[in-house]
Amino acid sequence: MEEQIVGGQWQRRHVLTLSDFTDLEYEMAIQTAASFREVLTRRNRKVPALQGKVVANLFFEPSTRTRNSFELASKRLSADTVNFSPGHSSLSKGETILDTARTFWAMGTDLMIIRHRQAGVPQAIAREMDRMSQGKVGILNAGDGQHAHPTQALLDLFALCTHLNSADPHPKLLAGKKILIVGDILHSRVARSNIWSLKAAGADLHLVGPPTLLPKTFATYGVPLHWQLDDALPGTDFIMTLRLQQERMEGHLLPSLREYHQQYGMTRDRLQRCHPNVKILHPGPVNRGVELSSDLMEDAALSLIEQQVTSGVAVRMALLYLMGGGRLPD
Ligand code: ASP
């Protein structure tokens, strides 16, 4: 396993966005994740790669998948993990976010995983940690506001590549594949991160949504925009559906959930207009019957949703390993 990983040298201390990720970094993340996916199939699914390191999960916003996936990834790498959630913390006593981060630093944390409802918080903590620790603490963005969710996009990339070639997953397998990101793009950090990674992989990427949730300003990403889903379907290889983020919607951005489903929801009828091998993805949590009909979600021949969740642990192990300067035994 080590041979595959040490081919390049990982330089990036913090993973806050994918906007400046290089092809080599994508490759290293995917190849390292592939090695860890193999580890996860063994009887002993733990490796001592981060033994003695401390990983802190600082989730200022609720999360099920991402938080548990990071925690499991840290444990599989034998790191010591500490968890923070605002409800049971000194934040309720007036402590600032930077003070919270400083407290975890003082306890000897090596890697901090940050989720916050406001964009920019992981960057602010990274700056503060650089100042305090002289570059010894790595920050991983686990989702900040509408800005970025790099590990979600990397796990989506990994799920797509392993679907296309499970023995040798590589980002360039997606070159020329037609991919639609459909739905609430305006509020989606997942979409914003996926745009960078899928463009870097050379995919034929299209954004689709109602005009209120896909403003024309998204044209600056240099990918086609569609306001009618049915026009965009022909030839599509992968459809990435997004959750309608009602908690982030102010005002009436949608007529009704039923109408949304009629116009933008994924159904068997619509899939018939795509490439015959089309597959559906969703980052979760799903609003069943809104973004896609329930039966599609559970149809293993059509959905890669379960593979996305499984990929999450391997991809997060890979990033923690690369950022933590992990060592594997000879
Ligand atoms: N779980 C993803 C996120 O944290 C997607 C979502 O919540 O809709 O952004």
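Heavy-atom basis, side chains included; hydrogens, waters and symmetry copies ignored. Whatever order the structure lists them in is the order used to number ligands and atoms, beginning at 1.
A donor and an acceptor atom, one from each side chain of H282 and E291, are located under 3.5 Å apart. For the residue pair S293/D295, the side-chain donor-acceptor check at 3.5 Å is satisfied.
Connection of V309 to L319 is not established within any shared hydrophobic cluster, with ILVMFWY side chains joined at heavy-atom distances below 4.5 Å, either directly or through further cluster members.
If you look at V190 next to ligand 1, the close heavy atoms, those under 4.0 Å, all belong to the side chain. With a 4.0 Å heavy-atom cut-off, ligand 1 is reached by the side chain of R115 but not by its N, CA, C or O.
The aromatic rings of W10 and F21 stand perpendicular to each other, their planes meeting at an angle above 60°, with 30° marking the opposite boundary.
Atom 7 (O) of ligand 1 has as its closest protein heavy atom R243 NH2, 3.1 Å. Scanning the protein heavy atoms around atom 9 (O) of ligand 1, the nearest turns out to be R189 NE, 2.8 Å.
For the pair T66 and ligand 1, the shortest N or O to N or O distance does not fall below 3.5 Å. Where the criterion is an N or O separation shorter than 3.5 Å, residue side chain and backbone included, Q152 fails it with respect to ligand 1.
Taking a cutoff of 4.0 Å between a charged side-chain nitrogen and a carboxylate oxygen, R270 and D230 qualify as a salt bridge. A salt bridge links R102 with D99: the closest approach of a Lys/Arg side-chain nitrogen to an acidic carboxylate oxygen falls below 4.0 angstrom.
At least one heavy atom of G284 sits under 4.0 Å from some atom of ligand 1.
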